[in-house]
Peer 1: 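Below you'll find the structure I mean.
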Amino acid sequence: QSGRFTYDPGFTSTASCESKITFIDGEAGVLLHRGYPIDQLAEKGDFIETCYLLLEGELPTESQYQEFERAITYHTMVHEQLNYLYRGFRRDAHPMAIMTGVVGALSAFYHDSTDINDPEQRMIASRRLIAKMPTIAAMAYKYSMGQPFVYPRNELSYAENFLHMCFAVPAEDYKVDPVLARAMDRIFILHADHEQNASTSTVRLAGSSGANPFACIAAGIACLWGPSHGGANEAALNMLMEIGSVDRIPEYVQKAKDKNDPFRLMGFGHRVYKNYDPRAKVMQQTCHEVLNTLGIKDDPLLNVAMELEKIALEDEYFVEKKLYPNIDFYSGITLRALGFPTTMFTVLFALARTVGWIAQWKEMIEDPSQRIGRPRQLYTGYPERPYVGRGER
Ligand code: SDX
């Protein structure tokens, strides 16, 4: 309708919802956000612009961009009392456990002031979450490091602020490298939204009950943590470190093909893409840029990753099952080079995906036909049968 195309790949019966936000053609390896190809958004735009596009449906004009960026920047601080929540976690708690807890706790600060039926309050809640996720994520990292929290700085961009909050220490000045900040910003764009993946479907289902957006995003974070989903970036890097060298690759490729072996090549395969994940291409380019900027030559993990990709793409098992690298395959090497521990990789995924979750939640709430989600089942249990007393069993 209205010049927009309605793409029906023939699975309308299994489609969980209609949406105008993100389009994926898994066979062709195409990903569009509001019609714009992901590689163009990543190369020519920035994350704040992508956030505006996902939320509002159009690329912002200059004045819309400035207003939106300012609104996000001036909401990056969190309530000072939230700091005490971190102290309830063990120092070695996984940062994703902290994120799930702290983001859920935002409900306690904002729940009673968020009427989800009021567009103005939906916008405030959306901007609060997008603005505060980097601060909450950086605080989780600092807490796990035993270092003091670093406050956001309003003169820094979204990505610069996040890197500054993670890596600055009171003992000395920290200057954010603009090339690394640009890479971080591009990584956020690549992770921003991805149609009805498991965690987005979780957010939609939670939101369909009328739950507040902070609780819905916490549910999305919990789902994203799984190693088959957002946890794959951490698992993929751990896998590359376990393989360790190029000559051990055939052994692991064999394991991945063995139906009796639960091992899978992490960062490979996808529920929808049966072609190269377009995000993985941009991620690989970004990986090379970051390593070059940092003067890291001949990174052994990148060598293993590139040789593994080459072997897998020529292996008949992977070709027949259409298994290609996905976004998680190169992201871990890049994030590790930027200075993050593997336990922070999925936290960064959640940070970036918050805008996608919020945009999808907003689209659902604003759909007048929307009702509470209620998936049904195919019952395969016992037919009705009479109760048997304990003495007769
Ligand atoms: C993300 O949905 C999204 O959009 C998610 C995401 C997003 O942005 O939100 O894109 C982010 O989660 C990316 C995926 C990250 N996960 C991983 O990299 C984990 C490793 N990948 C696999 O676990 C797997 O590919 C899944 C979970 C991603 C998909 O699982 P499926 O649906 O079982 O995989 P498939 O339909 O692609 O599988 C086809 C066949 C199966 O064998 P058969 O049952 O047909 O005999 O290929 C096999 C699978 O067993 N297979 C693999 C494999 N992935 C699938 N075999 C070895 N190694 C793998 N990685």
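Just so you know, residue 1 is the first one in the sequence shown, and it goes up from there. When a ligand or atom number is given, it counts from 1 through the structure's own listing order.
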Peer 1: Tell me which protein heavy atom sits closest to atom 54 (N) of ligand 1, plus the residue, atom name and distance to 0.1 Å.
Peer 2: Leu323 CD2, 3.7 Å
Peer 1: Without swapping roles, check the side chain of Asn197 against the backbone of Glu195 for a donor-acceptor pair under 3.5 Å.
Peer 2: yes
Peer 1: Parallel, tilted or perpendicular: which one describes the rings of Phe263 and Tyr252, with boundaries at 30° and 60°?
Peer 2: perpendicular
Peer 1: Can you check atom 34 (O) of ligand 1: any protein non-hydrogen atom closer than 4.0 Å?
Peer 2: no
Peer 1: Counting non-hydrogen protein atoms only, what is the nearest one to atom 56 (N) of ligand 1? Give residue, atom name and distance.
Peer 2: Tyr317 OH, 3.4 Å
Peer 1: How about Tyr273 and His194: are their ring centroids closer than 6.0 Å?
Peer 2: yes
Peer 1: When you check the gap from the basic side-chain N to the acidic O, do Glu363 and Arg204 get nearer than 4.0 Å?
Peer 2: yes
Peer 1: At a non-hydrogen distance cut-off of under 4.0 Å, which region of Lys259 contacts ligand 1 (side chain, backbone, both, or neither)?
Peer 2: side chain
Peer 1: What is the nearest protein non-hydrogen atom to atom 21 (N) of ligand 1, stated with its residue, atom name and distance?
Peer 2: Phe268 O, 2.8 Å
Peer 1: Please list the nearest protein heavy atom to atom 16 (N) of ligand 1 with its residue and the distance rounded to 0.1 Å.
Peer 2: Ser228 O, 3.0 Å
Peer 1: Going by heavy-atom distance to atom 28 (C) of ligand 1, choose the closest among Ala256, Gly269, Ser201.
Peer 2: Gly269
Peer 1: So is Arg353 touching ligand 1 or not, going by heavy atoms under 4.0 Å?
Peer 2: yes
Peer 1: Just how far is it from atom CG of Leu224 to atom CE of Met96, taken to the nearest 0.5 Å?
Peer 2: 5.0 Å
Peer 1: So do Phe68 and Leu55 actually touch side chain to side chain, heavy atoms under 4.5 Å?
Peer 2: yes
Peer 1: Measure the distance from atom 14 (C) of ligand 1 to every protein heavy atom, then report the residue, atom name and distance (to 0.1 Å) of the closest one.
Peer 2: Asn326 ND2, 3.6 Å
Peer 1: If you take the nearest heavy atom of each of Glu320, His270, Lys255, which one is closest to atom 10 (O) of ligand 1?
Peer 2: His270
Peer 1: Heavy-atom contact check, 4.0 Å cutoff: does Val272 meet ligand 1?
Peer 2: no
Peer 1: I'd like to know if Arg279 contacts ligand 1, where contact means a heavy-atom distance under 4.0 Å to any ligand atom.
Peer 2: yes
Peer 1: Going by distance alone, is a donor N or O of one side chain under 3.5 Å from an acceptor N or O of the other, for Gln284 and Glu309?
Peer 2: yes
Peer 1: Atom 30 (O) of ligand 1: which of Arg264, Met266, Lys322, Glu195 has the nearest heavy atom?
Peer 2: Arg264
Peer 1: For atom 4 (O) of ligand 1, grab the closest protein heavy atom and report residue, atom and distance to one decimal in Å.
Peer 2: His194 ND1, 2.5 Å
Peer 1: Verify the ring-centre separation between Phe214 and Phe109: is it less than 6.0 angstrom?
Peer 2: no
Peer 1: Could you label the plane-to-plane angle of the Phe188 and Phe47 rings as parallel, tilted or perpendicular, counting under 30° as parallel and over 60° as perpendicular?
Peer 2: tilted
Peer 1: In the protein, what heavy atom is nearest to atom 31 (P) of ligand 1, and what distance, to one decimal place, separates them?
Peer 2: Arg271 CD, 3.9 Å
Peer 1: Name the orientation class of the two ring planes belonging to Phe318 and Phe268 (parallel below 30°, tilted from 30 to 60°, perpendicular beyond 60°).
Peer 2: perpendicular
Peer 1: More than 12 foreign heavy atoms under 6.0 Å from NE2 of His94: is that the case here?
Peer 2: yes
Peer 1: Out of Ala236, Ala232, Ala352, indicate the one that has the non-hydrogen atom closest to atom 17 (C) of ligand 1.
Peer 2: Ala232
Peer 1: Quick one: which ligand 1 atoms are inside 4.0 Å of a heavy atom on Asn197?
Peer 2: 2 (O), 3 (C), 4 (O), 5 (C), 9 (O)
Peer 1: Could you tell me, atom by atom, which parts of ligand 1 come under 4.0 Å of a heavy atom of Gly267?
Peer 2: 17 (C), 18 (O)
Peer 1: Would a line drawn from the ring center of Tyr65 to the ring center of Tyr52 be shorter than 6.0 Å?
Peer 2: no
Peer 1: Nearest to atom 58 (N) of ligand 1, what protein heavy atom do you find, and at what distance?
Peer 2: Leu265 N, 3.1 Å
Peer 1: Taking Asp258 first and then Lys255, would you say they form a salt bridge - that is, a charged N and a carboxylate O separated by under 4.0 Å?
Peer 2: no
Peer 1: Counting heavy atoms only, which of Lys274, Lys257, Lys321 is nearest atom 36 (O) of ligand 1?
Peer 2: Lys274
Peer 1: Classify the contact between His191 and ligand 1 as side chain, backbone, both or neither, using a heavy-atom distance cut-off of under 4.0 Å.
Peer 2: neither
